[in-house]
Amino acid sequence: MNLVTWGLALWQALLYVALAPLLVGWIRKVKARLQNRRGAAIWQPYWDIYKLFGKEARMAHTASLLFRAAPYLVFTATWLAAAAIPLVATGLPTAAIADVIVIAGLLALARFFLALAGMDVGTAFGGMGASREMLISALAEPAMLMAVFTLAMTAHSTNLVSVVEHQLTNLDLLQPSYLFALAGLVLVAIAETGRIPVDNPSTHLELTMIHEAMILEYSGRHLALMEWAAQLKLLLYGALLANIFFPWGIARETTGGALGLGLAVVIAKLALLGVVLAVSETVLAKMRLFRVPAFLNLALLLALLGLLSHVILEVGA
Amino acid sequence: MPAALLCAEAALGLALLSAVTSLFSLRVPRVLRLLATPLIGLSGLAALTAGLVALLNGHAATAELPLGLPWLPWQIRLDALSGFFLSVIGVVILAVGIYAPAYVRDFEHSRDSLPSLGGFTGLFLTGMLLVVLADGAFVFMVAWELMSLSSYFLVAFHHDHAANRRAAYLYLLMAHVGGLAILLSFGVLAAFGGGFGFDAMRGADLAPGWASGAFVLAFFGFGLKAGLVPLHAWLPEAHPVAPSHISALMSGVMLKVAVYGFIRLVFDLIGRYHWQWGVAVLAIGSISALLGVLYALMQHDLKRLLAYSSVENIGIIFMGLGLALLFLATGDERLGAVALVAALYHSLNHALFKAVLFLGAGTILHSAGERDLEKMGGLLRRMPWTGLFFLVGCIAISGLPPLNGFVSEWLTFQAALQVWQLDSGVLRSVVAISAAMLALTGALAAACFVRVYGVAFLGQARSRAVRRARPAPLGMRAGQGLLALLCLLLGVVPTAFIGVLSEVPRQLLGQGLTEATAHGWLWLTPVSPQIASYSAPLVAATLFVTLALGLWLLGRGIRRVRRCGAWDCGFAPPEPGMQYTATAFAQPIRRVFGLLFHIEEGVAQQPDGRRRHFLRVHDRAWGLFYLPVVRVVENAARQVTRLQSGSVRVYLGWSLITLLVLLWIIA
Amino acid sequence: MNLQHLLQLQQLMVVLAAMALFTSFVLLEQTRLVAAIHAFAWQGMLVAMVTVIVAASGAHAHLFFSAALTLGLKALLIPWMLHRLVRRLGLDRHSEPLRRPALVIMAALALVIFSYWLVLPIVRQELIFTRNIVAVSLAVVLIGLLMMVIRNQAVAQVLGFMSMENGLFLAAVSATGGMPLTVELGVAFDVLVAMVLFGVFFFQIRASIDSLDVDRMNRLTERTDEQ
């Protein structure tokens with residue numbers, strides 16, 4: 001851990017913030033193409049955020065100081081969680097500061113303040129969004145933790161760099177536990193980032209909103225921060241899936257060539273994941289709220305099967 | 001070394017003095033507020049000092065109190081384990097001592113008996129301190145009974161309501177059943193050890209069956225007092241009914257004394273471990289944690305909710321203890337130490353944040369006269385400091401970084417993850433499943449406290465009393481502030497505290513936690529840095545710096561933001577009654593987990609002709625566990641009453657038969 | 001790590017066995033009959049693929065034939081017959097909700113852990129791999145039996161029975177390198193005949209009691225009493 005690695009860690013964190021709107025723009029573009037439309041440019045989310053920062057922020061009469069502080073807290077916590085996940089290189093010290101459980105904790109902190117902000121104004125929408133969000137996150141936590149456990153039991157560590165390194169050194173292994181953990185984590189990622197079939201990110205129908213209901217009262221720079229944080233969360237989960245389960249191409253030294261290759265490879269992986277997400281969002285319909293527990297139970301079952309396959313099939317006597 | 005013991009004895013003396021001076025408050029009510037409660041605070045400070053000094057020392061110290069029987073003296077001992085729990089008790093008592101003067105001022109104008117409040121509080125504290133210091137079964141049981149009886153009188157303080165009397169009776173009954181089990185457990189140990197002192201019991205050579213018997217009795221007795229499912233029914237009845245600072249003491253401290261008793265008896269006195277014990281403790285801990293938080297989500301009485309949340313956290317502590325037993329049974333002392341430290345740190349953290357929350361509930365009761373969540377709302381604007389400290393408590397209890405609840409949950413997860421080092425695949429699966437239950441519990445706890453804070457402090461006020469709540473006095477705010485500050489400190493620099501704490505496993509198990517603090521104050525590495533590391537100061541610092549940077553860059557935030565109406569779809573402006581209620585917030589969870597509750601819901605016809613919806617959520621443990629036991633006991637009692645036939649000759653006949661049998665036995 | 005000692009083919013076998021276990025969970029939980037039949041077809045195909053791998057690793061050449069038989073019968077013919085039966089009974093949109101899904105899943109997971117615990121006494125180093133696959137097959141058998149207990153639709157019970165047979169076949173193939181060919185053929189034709197009989201009986205049952213709910217079959221005794 002020297003100055004170079006810390007500088008690279010900072011650069012990687014800034015890269016997360018810079019790339020998040022691009023991923024969302026790409027997904028929207030692919031969805032538009034699948035629906036036979038031209039769609040907006042992939043740079044559109046950047047212009048939306050810029051426009052929102054320029055607008056005035058207003059608050060309801062009943063909102064309190066927590067309403068004002070929440071966007072900053074949510075953005076900061078999500079950004080810190082994202083910065084701890086290896087995006088381009090593995091040798092960075094951020095993974096030693098925060099392991100996978102800390103990342104889950106930071107995302108939970110962001111969600112806590114998001115839900116409180118929803119309840120702050122004292123309308124029914126915010127309460128509804130907060131209540132649904134807490135249900136979904138409560139059911140998604142055990143599935144995510146089980147998948148993490150399965151990975152940690154194989155790699156004997158919760159430090160993300162150790163897990164990635166373990167995957168890279170055992171490249172030729174086709175393990176059922178990893179496959180099940182991947183399937184479980186994909187389902188959890190869909191639930192946590194609020195994509196179809198759990199929540200529709202582009203709806204404003206009152207009875208179907210979850211994330212949108214909590215940020216309904218926000219405007220101006222506050223709304224820009226909340227939207228950016230949601231995009232950052234999507235990039236975070238995408239990077240987690242791409243780099244933990246398919247880590248080939250990630251930079252293991254800090255030379256310019258390796259870093260350039262790592263960046264190109266991760267962008268390609270994320271683009272592919274974006275296409276898969278867009279296709280699934282087009283093909284599937286949003287489930288009603290009380291079907292979501294069944295969805296998340298499936299995720300938990302997959303993660304549990306991954307753990308059991310690890311215990312039964314992969315370890316010896 | 002004697003200094004620590006002197007401080008401990010001073011703490012005992014101050015608590016007793018507080019009880020005695022409260023007697024004067026019959027004549028001069030102000031004595032309670034001005035003299036007795038500050039004495040409690042001083043006692044807490046002395047206990048905290050004694051505990052810290054004992055932890056920093058390397059060895060134990062004993063002394064003899066001038067009470068007890070000639071052949072069975074009262075020995076007290078201050079080693080690292082006692083010192084740790086003494087500091088936990090001391091810090092909460094100190095905060096309550098700062099809080100209480102302003103709180104008891106309300107009682108001066110009411111009909112309640114001030115001497116009994118102050119007297120029994122002093123005796124309660126004396127009992128707790130003496131239990132932790134006890135070095136023999138005799139002292140232990142006397143102090144235990146003192147603690148239980150004086151807390152009964154405190155629970156029954158507002159005895160004009162029948163419900164309160166019933167709650168107090170249930171509490172007394174269950175405390176005595178638990179005490180009986182503990183006494184029997186000590187009996188087994190004393191029989192094999194040849195004496196009632198803890199030294200004799202430590203050296204005892206127990207047969208394996210008897211060791212398991214002693215363990216089961218101790219687990220039953222201490223588990224009942226700590227509030228494990230299904231023996232928890234007294235907790236949600238008794239804790240809400242007592243005055244708020246007493247509830248804070250009961251939930252924050254008395255439950256930890258039960259945990260201390262369990263650790264002392266099983267890890268220290270019995271001293272040998274079986275993996276079955278570990279699995280049993282782990283399983284019951286996980287179930288308590290999950291059921292505790294689910295029931296907490298269904299309550300709308302704030303103090304009852306906090307009581308069920310205590311059940312949840314005790315479950316988490318016992319999960320850590322179960323993991324420690326598992327690891328120690330398989331011979332791995334290093335991992336056993338990690339799990340034990342996780343459980344102990346969670347005990348400390350729970351004492352702190354539960355006390356903050358109960359004191360906050362007391363403040364709301366004092367300011368607005370309200371305990372029902374459905375009548376609160378918008379309190380953050382009326383009581384900003386209480387709101388801030390309550391928020392710190394909510395974040396801490398939800399186990400979110402960078403506060404202390406997260407550190408102990410992280411340590412528990414890390415201890416559970418080390419299960420890959422065990423040989424048995426079945427054990428690995430079982431531990432992994434209970435870790436998943438812990439994750440579910442943590443997420444549900446966050447949901448619960450979003451609900452509490454959102455409904456109570458945010459939004460708009462749902463009743464007139466709450467709309468006109470008066471701000472809290474300085475003493476109450478200071479007490480809560482001290483605890484909130486400690487929550488922050490223990491979360492941001494945990495390594496220093498864990499370094500001090502690791503003296504406890506070093507003395508108990510012979511193996512400290514050297515790896516945890518080996519890499520400096522910045523890093524917490526319980527097993528090794530490659531396996532897992534967490535840098536709490538860096539996480540907190542990054543959060544703070546980025547937050548400050550963001551606020552500065554978007555510096556226009558300092559200016560006033562313009563206000564407007566909330567979004568109302570073009571209909572009428574939002575009324576307080578349109579907000580989400582606490583029951584509505586928990587409805588999705590109630591539907592998903594419906595099988596675990598006993599729900600009565602319907603529409604009832606009221607006497608004035610109107611129809612009203614009702615929803616009551618009952619604890620399933622009553623129907624499944626308590627009522628059958630009650631029925632069995634009543635049936636047995638009914639059988640025994642047949643002996644009472646009323647005829648004098650029959651009674652003489654029974655006496656004759658008894659006499660014959662006794663003579664035959666002696667012969 | 002242990003897995004590094006295994007050959008590529010064995011790794012593939014492990015993955016396929018795990019996926020077969022997953023399909024038995026899907027069969028247990030699936031409420032729609034048509035989807036359950038598809039899950040059963042996938043299970044048959046996975047078992048056939050495992051047979052192909054065992055055959056390719058040089059055990060017995062006749063296993064290729066067994067694999068083809070399993071694929072044809074279990075993955076194609078029997079699902080097709082069941083699908084046709086279901087359509088003729090008018091049940092293709094039928095969905096039967098499970099009463100306590102969480103408890104059922106927990107029971108199934110407990111069965112998996114129990115099967116693992118049962119095979120633990122086998123500790124000879126060279127048999128470890130086979131032992132693990134046998135544990136998974138035993139779990140598939142037990143979950144098939146659990147399915148027959150939990151579901152009360154007659155077609156779902158047939159699927160449970162068939163999936164038990166799949167589990168047994170998987171255990172036989174991985175543990176002993178397949179059964180003798182004559183036994184294979186005999187069992188396969190028995191299963192086929194059973195399918196045809198089931199088809200005939202279902203129509204009879206439905207004509208008698210107007211439903212295919214197994215719990216209502218006790219009405220048959222009441223009818224005979226009334227007569």
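Throughout, a chain's letter reflects where its sequence line sits, starting with A, and its residues are numbered from 1.
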Check: Which members of residues 18-33 of chain C, sorted by number, sit under 4.5 angstrom from chain A on a heavy-atom basis?
Finding: C:Ala18, C:Met19, C:Leu21, C:Phe22, C:Phe25
Notebook entry, point to check: Does C:Val112 reach the side chain of A:Ile312, with side-chain heavy atoms less than 4.5 Å apart?
Noted result: yes
Next item on the list: Indicate yes or no: at least one non-hydrogen side-chain atom of A:Leu179 is less than 4.5 angstrom from one of C:Val15.
Entry: yes
Notebook entry, point to check: Please walk me through it: do C:Leu109 and A:Leu304 pass side-chain contact (heavy atoms from CB on, under 4.5 Å)?
Noted result: CA-CA 8 Å; C:Leu109 285 168; A:Leu304 271 170; 3.4 Å; yes
Next item on the list: Identify, with sequence neighbours excluded, every residue that meets side chain to side chain donor-acceptor pair (under 3.5 Å) alongside C:Gln157.
Entry: none
Next item on the list: Answer with side chain, backbone, both or neither: which region of C:Ile113 has an atom nearer than 4.5 Å to a non-hydrogen atom of chain A?
Entry: side chain
Check: Is the number of heavy atoms from other residues, nucleotides or ligands within 6.0 Å of CZ (A:Phe245) greater than 12?
Finding: yes
Check: So with a 6.0 Å cut-off around CZ of A:Phe290, is the heavy-atom count from everything else above 12?
Finding: yes
